[in-house]
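Below is one structure, written out as C-alpha cells; the observations come after it.
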Amino acid sequence: MAAVAIAIIRIRSLFAVVMLSGVYSLLAASMFVGLDAVDVAFTEAAVGAGISTVLMLGVLTLTRSYEKIPVHTPLLPLLVVFLTGGVLIYATLDMPAFGDPNAPANLHVAPRYLLESGQEIGLPNVVTSVLASYRGYDTLGEVTVIFTAAIAVTMLLAGRAKFGPAANRRPGNENENKDENEADAGGAGAEDRQA
Amino acid sequence: MRHHRILRISAKLLIPFILLFALYVQFHGDFGPGGGFQAGVIFASGFILYGLVFGLANLRKVAPAAVVERLVALGVLLYAGVGVAGLLMGGNYLDYSVLAKDPVAGQHLGILLIEFGVGTTVAAALITIFCHFAGRERE
C-alpha cells in the first residue's frame with residue numbers, strides 16, 4: 001500500500017494516478033477483510049475501487065491528462081505532514097493494544113450489542129443491527145449527506161444554464177468543487193461504516 | 001463504443017447479474033455482509049456500466065432524469081417516514097419495535113424498510129452524479 005501511495009504522489013499522468021488509487025482502495029479492502037471487517041471491505045471495494053474510479057475517469061475527460069509541475073518547493077508541506085503524522089503516531093502509543101478485551105471501546109456498549117442484539121433485534125449480522133437500529137439516527141444523517149451531495153452536484157452542473165452565464169465562471173474552479181462534494185459523500189459513508 | 005462488440009456483449013451479459021447481486025445484498029444484508037449502502041452502489045454500478053458502454057442517451061432512456069432525481073428524495077423520505085410511523089404508533093422516533101405486534105418482527109420490518117430507503121437514495125444519487133459528470137462537454 002505504501003508503494004502504491006508513493007507512486008500516486010510521484011506519477012504525473014493523471015490516468016495512471018486514478019488507476020493506482022483504485023488499486024489502493026482494493027488493497028485497503030483486502031486489509032479490511034484481514035481485520036474481519038467484511039462490511040467495511042465491501043463498501044471500500046464498491047465505492048473506492050469501483051464508483052470513485054469511474055467518476056474520476058469521467059472528470060479526466062473534462063480536464064488535462066497531465067499534472068502541472070508545482071512552482072513552490074515541497075519543503076513546508078512535507079514538514080507539516082511529518083509533524084502531523086508524528087503527533088498522530090505519538091497519540092497511538094497510549095492506545096490499548098488492538099483487540100484488547102479490556103479496552104474502553106470494548107467495555108461500553110459493545111458487549112450489549114454482541115450479547116443481546118440476538119434477542120432484541122434477532123438478526124445474525126450485528127453490524128446491520130447496530131447501523132440500522134441502535135444507531136438509526138446516524139444512518140439517517142448519512143443518507144441525508146448523500147442526498148445533499150446529489151442535490152449539490154445537480155445544482156452545480158445541471159442548473160448552470162438557469163442560474164447564470166457560463167462565461168463568468170472559471171471551469172477549473174467548478175471541477176474542484178464537484179470533487180470535494182464527491183469525496184465528502186464517499187468518505188462520510190465509509191467512515192460511518194467503520195465506526 | 002459501437003464497434004467494440006466484445007465489450008457490448010459482455011456488458012449485456014454482466015448487467016443482469018450485477019443488478020441481481022445488488023438485490024441480494026440489499027435484502028440479505030440482515031444475514032450476511034452488506035446492506036442498503038453497498039447494494040445501492042452495486043445497483044448504480046450496473047446502470048453506470050450500461051451508460052459507459054451504450055452511451056449516455058440510452059442510459060437516460062432507461063433511467064429518466066426526472067424519475068431518478070425523485071428517487072433520491074424518496075429514499076430519504078422513506079427512511080424518515082419509518083421514523084414518523086414509529087412515532088404515530090406510540091414509540092420513539094426510529095424505534096421499530098412498535099411497528100408490529102412482536103418487537104423482533106417490528107425490528108425486522110423497520111430495518112428492511114430503512115435499508116431499502118438507503119439503497120434507493122444511494123443508487124439514485126450515484127446515477128444522477130454520474131450522468132451529470134458524463135453529460136458535460138469539454139471546455
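Letters A, B, ... are given to chains in the order of the sequence lines, protein chains preceding strands, and every chain is numbered from 1. Keep in mind that the numbers below use all heavy atoms, side chains included, and drop hydrogens, waters and symmetry copies.
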(message) Show the nearest heavy-atom pair for residues A/L55 and B/F133, with the distance to one decimal.
(response)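 Closest heavy-atom pair between A/L55 and B/F133: CD2-CD1, 3.9 Å.
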(request) Compare every heavy atom of A/D39 with every heavy atom of B/Q38, then report the nearest pair and how far apart it is. (result)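 Nearest heavy atoms, B/Q38 then A/D39: NE2-O, 3.1 Å.
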(request) Return yes when atom OH of A/Y137 has more than 12 non-hydrogen atoms of other residues, nucleotides or ligands closer than 6.0 Å, and no otherwise. (result)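 Yes, the 6.0 Å shell around OH holds more than 12 heavy atoms from other groups.
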(request) Check whether more than 12 heavy atoms from other residues, nucleotides or ligands sit under 6.0 Å from atom CG of B/L13, and answer yes or no. (result)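 Counting other residues, nucleotides and ligands, CG of B/L13 exceeds 12 neighbours.
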(message) Less than 4.5 Å to any heavy atom of chain B: does that hold for the side chain of A/V143, its backbone, both, or neither?
(response)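 When you check distances to chain B, atoms from both the backbone and side chain of A/V143 fall under 4.5 Å.
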(message) Within the structure provided, determine whether A/V153 and B/T128 are in side-chain contact (heavy-atom separation under 4.5 Å).
(response)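 Of all side-chain heavy-atom pairs linking B/T128 with A/V153, none is under 4.5 Å.
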(message) Can you confirm whether A/F42 sits close enough to B/F37 that some side-chain heavy atom of one is under 4.5 Å from a side-chain heavy atom of the other?
(response)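 Sidechains of B/F37 and A/F42: no contact.
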Examine [X] and [Y] and state if one hydrophobic cluster contains both, with Ile, Leu, Val, Met, Phe, Trp and Tyr joined whenever side-chain heavy atoms are less than 4.5 Å apart.
{"X": "B/I111", "Y": "B/Y93", "value": "yes"}
{"X": "B/L19", "Y": "B/Y24", "value": "yes"}
{"X": "A/V4", "Y": "A/V81", "value": "no"}
{"X": "A/M95", "Y": "A/L35", "value": "no"}
{"X": "B/L14", "Y": "B/I9", "value": "no"}

(message) Between A/A41, A/G50, A/G58, A/G136, who has the most heavy-atom pairs with chain B when the cutoff is under 4.5 Å?
(response)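 Max contact count across the listed options: A/G136.
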(message) I'd like to know which of A/L140, A/T144, A/I151, A/V38 tops the heavy-atom pair count under 4.5 Å against chain B.
(response)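 The residue among A/L140, A/T144, A/I151, A/V38 with the greatest pair count is A/L140.
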(message) Can you tell me which residue among B/L126, B/I129, B/V122 is in a side chain to side chain contact (heavy atoms under 4.5 Å, CB included) with A/I146?
(response)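 Among B/L126, B/I129, B/V122, the one meeting side chain to side chain contact (heavy atoms under 4.5 Å, CB included) with A/I146 is B/V122.
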(message) Test of understanding: with side-chain hydrogen bond (donor to acceptor under 3.5 Å, both in side chains), list the residues that count as partners of B/Q107, not counting sequence neighbours.
(response)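 Partners of B/Q107 by the side-chain hydrogen bond (donor to acceptor under 3.5 Å, both in side chains) criterion, ordered by chain and then number, come out as A/S133, B/S97.
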(message) Using heavy-atom distances under 4.5 Å, tell me whether B/V25 contacts chain A through its side chain, its backbone, both, or neither.
(response)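 Just the side chain, heavy atoms under 4.5 Å.
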(message) Just to be sure I understand the criterion: a residue of residues 66-78 of chain B counts if one of its heavy atoms is under 4.5 Å from a heavy atom of chain A. Which ones qualify?
(response)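 Against chain A, the residues of residues 66-78 of chain B that fall inside the cut-off (heavy atoms, under 4.5 Å) are B/E69, B/V72, B/A73, B/V76.
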Got a list of side-chain donor-acceptor pairs under 3.5 Å for residues 13-34 of chain A, not counting sequence neighbours?
residue: A/S21; atom: OG; partner: A/V17; partner atom: O; Å: 3.1
residue: A/S21; atom: OG; partner: A/V18; partner atom: O; Å: 2.8
residue: A/S25; atom: OG; partner: A/S21; partner atom: O; Å: 3.4
residue: A/S25; atom: OG; partner: A/E44; partner atom: OE2; Å: 3.2
residue: A/S30; atom: OG; partner: A/L26; partner atom: O; Å: 2.9
residue: A/S30; atom: OG; partner: A/L27; partner atom: O; Å: 2.9

If you look only at distance, which donor and acceptor atoms sit under 3.5 Å apart when one is on a side chain in residues 44-57 of chain B and the other is two or more places apart or in another chain?
residue: B/S45; atom: OG; partner: B/I42; partner atom: O; Å: 2.6

